[in-house]
Amino acid sequence: MTAAGLEGVVVAETVLSEVDGEAGRLLVRGRPIEELAGSVPFEEMARLLWDGLAPAAPTTAAEARAALGRSRVAAFGNVAALREPASRLPAVAAVRLGLASLHPAGSEDHYLATAAIPVFVAAFERARQGLPPVAPDPSLGQAADFLRMLRGDPASRAEEAALDAYLVTVAEHGMNASTFTARVVASTRAGVLPAVIAALAALEGPLHGGAPGPVLDMLDELRGQPDLRSWLDAELAAGRRLMGFGHRIYRVRDPRADVLKAEVARLRAGSRSAGGRLALAEAVEAAALAALAAFRPGRRIDTNVEFYTAVLLDALRIDRRLFTTIFAAGRVAGWTAHVFEQERANRLIRPQSAYVGPRPALAAASA
Ligand code: ACO
């Protein structure tokens, strides 16, 4: 019997996270995501994920922060040679090019991969805009340094906190498509960097990590529309999916949606201009949930993480072209932890397929 999309198939044991789709609960290293997001910086989340799995795992968030800072500086060394070709590629492909240019650093590869993503995203986006790159400041945290390298100006404390909360929220989430990809590649003993490059490629499709840009397109389309519901009904009737809704595992609301919504509200409270799309997003969300319930009465299709990701990253003035790469900047902590977990008890991941194609005529039958 085949399981389409491997639905319901357990492919690994993990100590990293538990996604309870019925209860709408995400535990990372035994702690609810609501407790982690907004209270620990990304460096602490990465430390938690790597703890006991990574070679020479950092013992404190400060140690992780220093190692990531050093690695951002190392990755920046490759920027000059890549800026021109990378500026002509879509953002995710440009980051893959950057990662492919890195020389493996052995026991430091998880730092290098994690640090390199924001460095390449910022530098290649600036190259696309015809701006010079901004060198990393290793004394800063990843979130603050990324915003600074991208825009050329220091981020406010509120912006740094909001991006930190986002990176923590998306850092780890069970056996999703990109994490599974990373584990398959790791099972061949390819190492951390190839596994991360493959995972990044798996993130490109709209069914996994590529949804937040289209969510923002939808919000733009709906701005000023007097009848949200009719527009959404027409999309569904035309066979199109509403981006930011639905999930393979969650049968209730994705808990990360509320975490991110709260971050947008917090950011908006600190600055009147930030979070301008929040009210529209709330109205669209309510109309979309009603439209989906009417369209698929037997199936609960609820809000997923990507919906408020779009609103939050937009409030941080990050271009929608970059959204998938920002997701990767958080999820890379989970990918690398899974690579180490796979390597610790490795068995080559090699499932089977059921052949249903033609066969050569049997000799006996043709005689
Ligand atoms: N809009 C409209 N219909 C939907 C949606 C949606 N967002 N989500 C599911 N459905 C419908 C499907 O059309 C399908 O109907 P069918 O049985 O007639 O074909 C039914 O619900 C079941 O859908 P599946 O694709 O089997 O559900 P699955 O669990 O595989 O899908 C997925 C999950 C891919 C996320 C889906 O809900 C979707 O396409 N959502 C929109 C894209 C999106 O938001 N992606 C980000 C996901 S979060 C992340 O990866 C970080």
Side-chain angles (χ1 to χ4, degrees), residues 2-9 17 19-22 24 26 28 33 37 92 166-182 199-219 221-222 228-261 281 284-313 320 322-335 338:
T2 58
L6 296 183
E7 189 160 359
V9 176
S17 64
V19 183
D20 184 334
E22 299 298 329
L26 168 61
V28 179
I33 194 63
V92 179
Y166 171 71
L167 297 174
V168 166
T169 302
V170 301
E172 162 60 15
H173 200 243
M175 201 50 59
N176 55 84
S178 56
T179 298
F180 181 51
T181 303
L200 196 51
L203 209 57
E204 282 189 71
L207 299 192
H208 184 24
V215 167
L216 217 50
D217 296 341
M218 176 173 74
L219 293 181
E221 185 91 24
L222 285 169
L228 299 177
R229 180 65 193 274
S230 300
W231 188 93
L232 294 160
D233 283 342
E235 285 292 289
L236 291 171
R240 286 188 280 274
R241 294 189 176 198
L242 303 184
M243 292 293 137
F245 297 91
H247 200 273
R248 173 63 63 80
I249 305 295
Y250 291 120
R251 289 293 156 246
V252 294
R253 194 178 169 81
D254 182 336
R256 300 168 298 173
D258 282 331
V259 170
L260 297 183
K261 185 176 171 180
V284 170
E285 183 189 17
L289 292 176
L292 286 163
F295 187 68
R296 288 268 181 272
R299 187 182 174 91
R300 179 99 191 254
I301 303 175
D302 217 318
T303 316
N304 67 42
V305 66
E306 305 286 48
F307 190 76
Y308 284 103
T309 288
V311 187
L312 179 61
L313 296 185
R320 70 192 73 186
L322 304 181
F323 285 0
T324 305
T325 61
I326 315 297
F327 185 98
R331 182 56 59 84
V332 65
W335 290 337
H338 275 276

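Each ligand, and each atom within it, is numbered from 1 in the order the structure gives. Bear in mind the structure is a predicted one, so any value in this text is a computation, not a measurement.
L260 has its side chain within reach of T169: a pair of non-hydrogen atoms, C-beta onward, lies under 4.5 Å apart. The side-chain heavy atoms of L232 and M218, taken from C-beta on, include a pair separated by under 4.5 Å. Residues F245 and E285 meet the side-chain proximity criterion, which asks for heavy atoms closer than 4.5 Å. By the 4.5 Å heavy-atom criterion applied to side chains, V215 and F323 are not counted as neighbours. The side-chain heavy atoms of F295 and I301, taken from C-beta on, include no pair separated by under 4.5 Å.
Looking from atom 28 (P) of ligand 1 to the surrounding protein, the closest heavy atom is R248 NE, 3.7 Å. When only non-hydrogen protein atoms are considered, atom 2 (C) of ligand 1 lies nearest to L236 CD2, 3.5 Å. When hydrogens are left out, the protein atom nearest atom 48 (S) of ligand 1 is E306 CG, 3.8 Å; that is the closest non-hydrogen contact. Protein heavy atom at the shortest distance from atom 14 (C) of ligand 1 is R296 NE, 3.9 Å. Protein heavy atom in closest approach to atom 41 (C) of ligand 1: F245 O, 3.4 Å. The protein heavy atom nearest to atom 35 (C) of ligand 1 is G246 O, 3.7 Å. Counting protein heavy atoms only, atom 9 (C) of ligand 1 is closest to I301 CD1, 3.8 Å.
Residue H208 approaches ligand 1 through these ligand atoms, each under 4.0 Å from one of its heavy atoms: 46 (C), 47 (C), 49 (C), 50 (O), 51 (C). Residue L292 approaches ligand 1 through these ligand atoms, each under 4.0 Å from one of its heavy atoms: 1 (N), 2 (C). Atoms of ligand 1 lying under 4.0 Å from at least one heavy atom of P206, given by number and element, are 42 (C), 43 (C), 45 (N). Shown in contact with G244 at under 4.0 Å from a heavy atom are these atoms of ligand 1, numbered in order with element: 43 (C), 44 (O). With ligand atoms numbered from 1 in the order given, ligand 1 contributes 43 (C), 44 (O), 45 (N), 46 (C) to contacts under 4.0 Å with heavy atoms of A211.
Heavy atoms of A177 found under 4.0 angstrom from ligand 1: none, in either backbone or side chain. When non-hydrogen atoms are compared, ligand 1 lies under 4.0 Å from the backbone of R241 as well as from its side chain.
Expressed to the nearest 0.5 Å, how far CG of D254 lies from OG1 of T303 amounts to 8.5 Å. In this structure, CE in M175 is found 5.0 Å from NE2 in H338, a value given to the nearest 0.5 Å.
Where the criterion is an N or O separation shorter than 3.5 Å, residue side chain and backbone included, R251 fails it with respect to ligand 1. For the pair G209 and ligand 1, the shortest N or O to N or O distance does not fall below 3.5 Å. The distance criterion of under 3.5 Å between nitrogen or oxygen atoms is met by R299 with respect to ligand 1.
Closest heavy-atom approach to atom 6 (C) of ligand 1 within the set T303, I249, L242, L207: this belongs to L242.
The aromatic rings of Y250 and H173 lie tilted to each other, with the angle between the two planes from 30° to 60°.
Nearest heavy atoms, R229 versus A294: NH2-CB, 3.5 Å. Across all non-hydrogen atoms, the minimal contact from L207 to R241 is CD2-NH1, 4.3 Å.
Less than 4.0 angstrom separates atom 17 (O) of ligand 1 from none of the non-hydrogen atoms of the protein.
The shell of residues lying under 4.0 angstrom from ligand 1, judged by heavy atoms, excludes D254.
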Side chains of residues 325-332: which donor-acceptor pairs under 3.5 Å do they make with residues two or more places apart or in other chains?
unit_1	atom_1	unit_2	atom_2	d
T325	OG1	L322	O	2.5
R331	NE	V170	O	2.6
R331	NH1	N176	OD1	3.3
R331	NH2	V170	O	3.2

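Judged by distance alone, with hydrogens and angles left aside, the side-chain atoms of R300 form no donor-acceptor pair with the main-chain N or O of P297 at under 3.5 Å.
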